[in-house]
Protein chains: 2
Amino acid sequence: MKTLRLNSNDRAVLLGSRFFEKLSAAASDAILEGAVVSNHEEHDILFHQDEPVDSVFCVSSGLVRVYRLGKDGREADIAVFPRGEIFGENAMFLGNRATANAQAVESSMIARLDSRNLRRLAEQHPDIAQALMELLCRHGQMAEDCLAEDRLLTAPQRVASYILGHCPDGSTTFSFRLPFQKNVLAGKLGLAPEALSRAFSALRRSGVTVKGRMIEIHDRQALERF
Amino acid sequence: MKTLRLNSNDRAVLLGSRFFEKLSAAASDAILEGAVVSNHEEHDILFHQDEPVDSVFCVSSGLVRVYRLGKDGREADIAVFPRGEIFGENAMFLGNRATANAQAVESSMIARLDSRNLRRLAEQHPDIAQALMELLCRHGQMAEDCLAEDRLLTAPQRVASYILGHCPDGSTTFSFRLPFQKNVLAGKLGLAPEALSRAFSALRRSGVTVKGRMIEIHDRQALERF
DNA sequence: AACGTAAATTGACCTCGATCAAACAATTCT
DNA sequence: AGAATTGTTTGATCGAGGTCAATTTACGTT
């Protein structure tokens, strides 16, 4: 695993992300100043819960899973971050300790921004502070959404909700490719892989076709009713 | 329900809260400038999901439950806020729309801070922005903790974890009074009241005594092992 | 194309917690 | 105090989803 400065592709990915979109080029440059990027193989651990962490992380390519460990060794996914997403920012506000584990789900390029630098910039530039607040808020919302879905929806309903989240508003029929293995989707939805599989086959009766990673929806309404 | 300016007691409660603790008196005064407080009866709804909200809320006295509604009418608690806690700040960053419902669990005094004012202050004062970021982070963590516990722990384990959260570090034996009805605790832990009841009786075998709202722990280790 | 490995599916079983109903306890009200 | 209301516990039943084992399918490699 080598650590390098960002190349132009890394920069482009990060700058195109939600976090940077409202920031000026100058502000973005200041944040990325001194950032490094490193390559991680599938299953590599990026940080462990309770470990000191003095960076904020950003997925330049690949996929990262953030999860907690139960004392029996079972794992609970908190979030899954695809290319362009920032994660690990919580440690910045909690004594530089990670509150979860992070693992590369596939071979990934991970950028690291120095959190001291970011904190200093946030003090000086209200728009950076604002961007950070929006990031924290989005991540809080993600967790709340997840919690509410876990508590309110059955497995097939959660899967239906996930699919609908990928459906453009107007269309009644559409298809898309899962951005990761079903494995990972199951974890993200808080399900065992077997349960995800059964959920898909339950949805088949409502016009959902699954072939490998391809998902086809034939009747949006039926899904919404589910 | 009358709306008034804050009295000295309200101010004292808010200023003693986590959010204000690191802020200067001047900063706190500026935030509380124009704040109003109103009385709400048990079960009063403070705001509904998707409704426009242009305040940040603070519990001056009483108890507030934040929850989402499933389409079948079932409710899932996201968080419960006791006296001194701030809530509803998410709407500030999401187009002034509430992402959940909030309800007074008991007769409560609720302070309302103007969110435009707060946003403006955060732009001008880095320490206020910092306090907001810490608030957002704590609330995000709360949701993540909850999610992880839901996914990793059984009902009795969640209850044990809740009890241990109230146990001072050193002591092996101690007791405390539940800060709200079992009803509410059940919701907070994502359980039906019956399940909470059964969880308590399962813990009885591990040295937990429950009499009304009083909880007594006789063997901390046993609880931790559970 | 064929092989080997890893992922996904299916079936059988079992546990946990939701739900419904009823008994019981604790408050509040008169 | 006694009645009425509300909260809590207990019992019985049921269904959702976890786990384990056995296939089947998909995919990367040669």
Side-chain angles (χ1 to χ4, degrees), chain A residues 41-43 63 65 70 72-77 105-107 146-162 177-205 208-215 226, chain B residues 41-43 63 65 70 72-77 105-107 146-162 177-205 208-215 226:
Chain A
E41 293 309 313
E42 194 176 343
H43 299 135
L63 194 66
R65 185 173 80 95
D72 55 356
R74 275 165 49 246
E75 302 180 346
D77 284 24
V105 166
E106 48 188 62
S107 175
C146 226
L147 181 62
E149 293 214 339
D150 272 22
R151 291 183 171 180
L152 290 172
L153 305 181
T154 65
Q157 288 175 323
R158 297 213 286 273
V159 176
S161 161
Y162 174 81
R177 190 180 150 81
L178 291 176
F180 32 66
Q181 284 184 176
K182 298 208 178 103
N183 216 348
V184 179
L185 178 58
K188 179 179 156 71
L189 298 178
L191 297 172
E194 295 94 325
L196 176 64
S197 197
R198 285 187 245 268
F200 271 131
S201 86
L203 292 179
R204 209 160 281 145
R205 282 141 216 145
V208 176
T209 309
V210 181
K211 265 209 284 301
R213 280 202 196 173
M214 284 305 297
I215 311 288
F226 205 93
Chain B
E41 293 309 312
E42 194 175 342
H43 299 136
L63 194 66
R65 185 173 79 96
D72 54 357
R74 273 165 50 245
E75 302 179 346
D77 284 24
V105 165
E106 48 188 61
S107 175
C146 226
L147 182 63
E149 293 214 339
D150 272 21
R151 290 184 172 180
L152 290 172
L153 305 182
T154 65
Q157 288 174 322
R158 296 212 287 272
V159 176
S161 162
Y162 174 80
R177 190 180 150 81
L178 290 176
F180 32 66
Q181 283 185 182
K182 299 211 177 104
N183 217 348
V184 179
L185 178 57
K188 180 179 154 69
L189 297 177
L191 296 173
E194 297 93 325
L196 176 64
S197 196
R198 284 187 245 269
F200 272 131
S201 87
L203 292 179
R204 210 159 280 145
R205 283 141 215 145
V208 176
T209 309
V210 181
K211 265 207 285 301
R213 280 201 196 174
M214 284 304 298
I215 310 289
F226 206 95

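Convention: sequence-line order gives letters A, B, ...; per-chain numbering from 1.
- Using a 4.5 Å cut-off on side-chain heavy atoms (C-beta onward), A:Ser107 and A:Glu41 make contact.
- A straight line from CG of B:Leu152 to C1' of D:dG17 spans 16 Å, rounded to a whole angstrom.
- For A:Asp150 and D:dG18, the CG to C1' distance is 14 Å, given to the nearest whole Å.
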Next on the checklist: Could you go through A:Phe180 and A:Val105, starting from their C-alpha distance and side-chain angles, then the distance that decides it, and tell me whether this counts as side-chain contact (heavy atoms from CB on, under 4.5 Å)?
Outcome noted: CA-CA 9 Å; A:Phe180 32 66; A:Val105 166; 5.5 Å; no

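- A:Phe226 places its CZ atom 13 Å from the C1' atom of D:dA16, with the value rounded to the nearest Å.
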Checklist entry - Going through the checks in order, is the side-chain contact (heavy atoms from CB on, under 4.5 Å) test met by A:Lys182 and A:Arg213? => result CA-CA 8 Å; A:Lys182 298 208 178 103; A:Arg213 280 202 196 173; 5.8 Å; no

Checklist entry - Please walk me through it: do B:Ile215 and B:Phe200 pass side-chain contact (heavy atoms from CB on, under 4.5 Å)? => result CA-CA 10 Å; B:Ile215 310 289; B:Phe200 272 131; 3.8 Å; yes

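- Salt-bridge annotation for B:Arg158 and B:Asp150: present, with a side-chain N of the basic residue lying under 4.0 Å from a carboxylate O of the acidic one.
- For the pair B:Glu106 CD and C:dT28 P, the interatomic distance rounds to 12 Å; values are reported in whole Å.
- In this structure, A:Arg151 contributes its side chain and B:Asp77 its backbone to a donor-acceptor pair below 3.5 Å.
- The NE2 atom of A:His43 sits 17 Å away from the P atom of C:dT5 (whole-angstrom rounding).
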Item to check | Per-nucleotide protein contact string for nucleotides 8-23 of chain C (B base, S sugar-phosphate only, - none; heavy atom under 4.0 Å) | outcome: SSBBB----SSBB---

